[in-house]
Amino acid sequence: MSATTLGAGLLAPARPAAFWPSGWVAGLAWIGAAAAISLLPDADDLGRTQELATLAAGFGGLVLLAALGSTLSGLAPRLARLREAGPWLIVLAAALLAWELATAKYELLPRPFFAAPQSLLEVFTDDYARLGESVWRSLLLVVPGYALGAVIGFLFGVAMGWSRIVGYWAHPVVRLIGPLPATAWLPIAFFAFASSRGASTFLIALASFFPVTVLTWSGVSAVSKAYYDVARTMGASPWFLVRKVAVPAAMPSVFVGLFMGLGASFSVLVVAEMMGVKAGLGWYMQWAQGWAAYANMYAALLVMAGMCSGAVTLLFRLRDRLLSWQKGLVRW
Amino acid sequence: MVSGVNGARLEVRGVSHAFALEKRSLPVLQDIDFTAEPGEFVALLGPSGCGKSTLLRLVAGLEPPTEGQLLVDGAEITGTHPSRTIMFQDPTLFPWRTVRGNAQLGPEARGTLAADGPRIEEALRLVGLAGFASAYPHQLSGGMAQRASLARSLVNEPKILMLDEPLGKLDSLTRLAMQRELVALWERERFTALLVTHDVEEALLLADRVLVLSDRPARIRADIRVETPRPRRRDDAGLVALREEILALLGLAEAA
């Protein structure tokens, strides 16, 4: 039961068992949008119009049920978080309706570049196997590559921050090579590695390696000397100082590096899949564009957004767990 | 732990120390020579930046002296040892560890965590933080943080406890309370205490002996014994007289 009130006007305060005005409006808006989708004639021959209308109506019905549920004290606490989403649900219904009218119903936007919502739905219902496989193949490429780059970058960053000798030799190299976008290695990588999979893994690892290295390094270097003094007076070994002082103190900075590395990895993943790898979401988009199947492209884009956002969410969850001692963390 | 004297004898023999700056060396300590008896409470009093804290770093073994010798119970100090711990002006708690996690730092570093478990709880209880064992440092007030830092030192059963202006940043009420607690703790544990301070009253309230240091490079200007029995009152006539004497030594005598 969190009582968050941002802009008290639209957002219903999350009190248990209360009238949820935006919920009722949202439910009716979705059902209204469904009626428009179903009843207005399509300007062109499109599939899945009625299915889209059914989905929208079903969703609207669920929202209305939830609005009804929040007047019951038994269900209300569970619906508290949903209640905050009320204004969003209204806007989304309006946006769906506007999109539908501008594309399927009146063709105000040039086709085929602007796909109708039911066309996207059609991609999901008809081509889900290929989309699913593309997600799987993308993950198979990006997860090992990212993990490899992150682990090596972390170890390398700690070594650079801790040891003067490693820092001396590694610093100029990292400075020269690091800022180079990993994609610049693309021609060399596809030439040097026997398989496009090996080349892509290498590139993705490289993309996450650099930010993780630099931010781990700076995190370790910035650890207050006083922490080391305290630990040393109590009999800590150098290994203890690294593991239990330098590394935990550097973790906030390490997570910034992991976050930046994740973004860089995704960017390299898509480029690699568009250039050389014959699978994955990047390839799917390229392939769809080649066939002028724009709906497929948008669908893939949506899936990719979900995948990237999901990965970042996972990373932030992990950070919130490990760095719960910090105050004022940004919630993702 | 209620027993006789647990402290060690500290001998500082002809110690001089200089910092190597880029082109020259900056002398901070000059011919420091004194002996602290086991269980004695010695205050090092001097102007800010005179090198008092450096002397503590030498005793802790964090740095070797440029010249001279430091001996603990007759053995030369060559490095750090858990029996000589410092409580710094900043609590320097590890923010990623709870109060208990901080207190157990020493045993954990030495791999004696299992055996020292009860002592950690005891130390937290002694400083009045038993109820805050699982709090993180950012949730503590200044005084509580300093108590946690004290507990972290006590867990190591120090024979020499160095206090580097540990109360310097506390508000005056907390400061008064903690001065009393420090004395009570010392009377109970009888470690040898070295207190660095620039507060004349604090030195007189707490210590058996006050070593008055000069400006940098620090030399010992006077070695003053404080015989007033404890608990001491700050308006005690003897202490007031000593205070005048020390202020005069520091060139700060209040004009009559």
Side-chain angles (χ1 to χ4, degrees), chain A residues 154 157-158 161-162 164 168 212 215-259 315-331, chain B residues 53-54 56-63 77 79-99 101-113 116 120 134-140 148-162 164:
Chain A
F154 173 75
V158 171
W162 183 257
R164 201 172 293 234
Y168 174 83
V212 174
L215 278 140
T216 305
W217 169 39
S218 84
V220 171
S221 312
V223 177
S224 163
K225 240 186 121 253
Y227 290 157
Y228 295 130
D229 283 347
V230 166
R232 277 173 64 205
T233 54
M234 293 181 186
S237 63
W239 181 230
F240 185 90
L241 293 182
V242 174
R243 266 185 330 128
K244 300 286 183 142
V245 183
V247 168
M251 277 325 270
S253 183
V254 171
F255 267 98
V256 176
L258 287 172
F259 171 67
L315 184 67
F316 275 59
R317 285 274 159 78
L318 181 68
R319 184 195 65 162
D320 289 353
R321 270 188 88 99
L322 288 178
L323 303 186
S324 57
W325 51 269
Q326 268 192 313
K327 42 177 180 175
L329 277 183
V330 175
R331 297 285 156 192
Chain B
S53 302
T54 306
L56 292 196
R57 290 181 67 82
L58 301 184
V59 176
L62 287 166
E63 286 172 47
I77 294 173
T80 60
H81 193 275
S83 68
R84 286 174 270 122
T85 55
I86 307 190
M87 188 177 159
F88 293 96
Q89 182 172 18
D90 289 308
T92 56
L93 298 172
F94 292 4
W96 58 90
R97 285 172 172 247
T98 59
V99 167
N102 271 288
Q104 70 187 33
L105 190 69
E108 202 180 319
R110 301 189 294 276
T112 58
L113 200 49
D116 286 342
I120 293 159
S134 47
Y136 281 100
H138 75 81
Q139 298 167 311
L140 303 180
S149 167
L150 183 59
R152 180 175 63 184
S153 290
L154 291 176
V155 164
N156 304 296
E157 297 200 310
K159 290 182 179 303
I160 300 179
L161 181 64
M162 287 158 276
D164 190 355

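Below, chain A is the first sequence line, B the second, and so on; all start at residue 1. Atom set for the values below is all heavy atoms of this structure, side chains included, hydrogens, waters and symmetry mates excluded.
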- [ ] Would you please test V247(A) and W96(B) for side chain to side chain contact (heavy atoms under 4.5 Å, CB included) and show each step?
- [x] CA-CA 11 Å; V247(A) 168; W96(B) 58 90; over 6 Å; no
Task: Selection from D90(B), I86(B), L105(B), T85(B) maximising heavy-atom pairs under 4.5 Å formed with chain A - done: L105(B)
TODO: Check whether more than 12 heavy atoms from other residues, nucleotides or ligands sit under 6.0 Å from atom CZ of R243(A), and answer yes or no.
DONE: yes
Open item on the list: On a heavy-atom basis, which atom in P95(B) and which in Y227(A) lie closest, and how many Å separate them?
Closed with: CD-OH, 3.2 Å
Task: Atom group of Q139(B) that falls short of 4.5 Å from chain A, counting heavy atoms - done: neither
TODO: Measure R152(B) against the heavy atoms of chain A and call it side chain, backbone, both or neither at under 4.5 Å.
DONE: both
Task: Heavy-atom pair of closest approach, residues A109(B) and A236(A) - done: CB-CA, 3.7 Å
- [ ] Mind listing the closest non-hydrogen atom pair of F94(B) and V245(A) along with its distance?
- [x] CE2-CG2, 3.8 Å
Task: Exercise: identify the closest heavy-atom pair between T92(B) and A226(A) - done: CG2-CB, 3.7 Å
TODO: Could you grab the distance from atom CG of D229(A) to atom CD of E63(B), nearest 0.5 Å is fine?
DONE: 8.5 Å
Task: Polar side-chain atom of H138(B) near backbone of W325(A) as donor-acceptor pair, under 3.5 Å - done: yes
Task: Distance in Å, M234(A) CE paired with E108(B) CD, rounded so as to fall on 0.5 Å steps - done: 12.0 Å
Task: Per-residue contact mode, F240(A) against chain B (heavy atom under 4.5 angstrom) - done: side chain
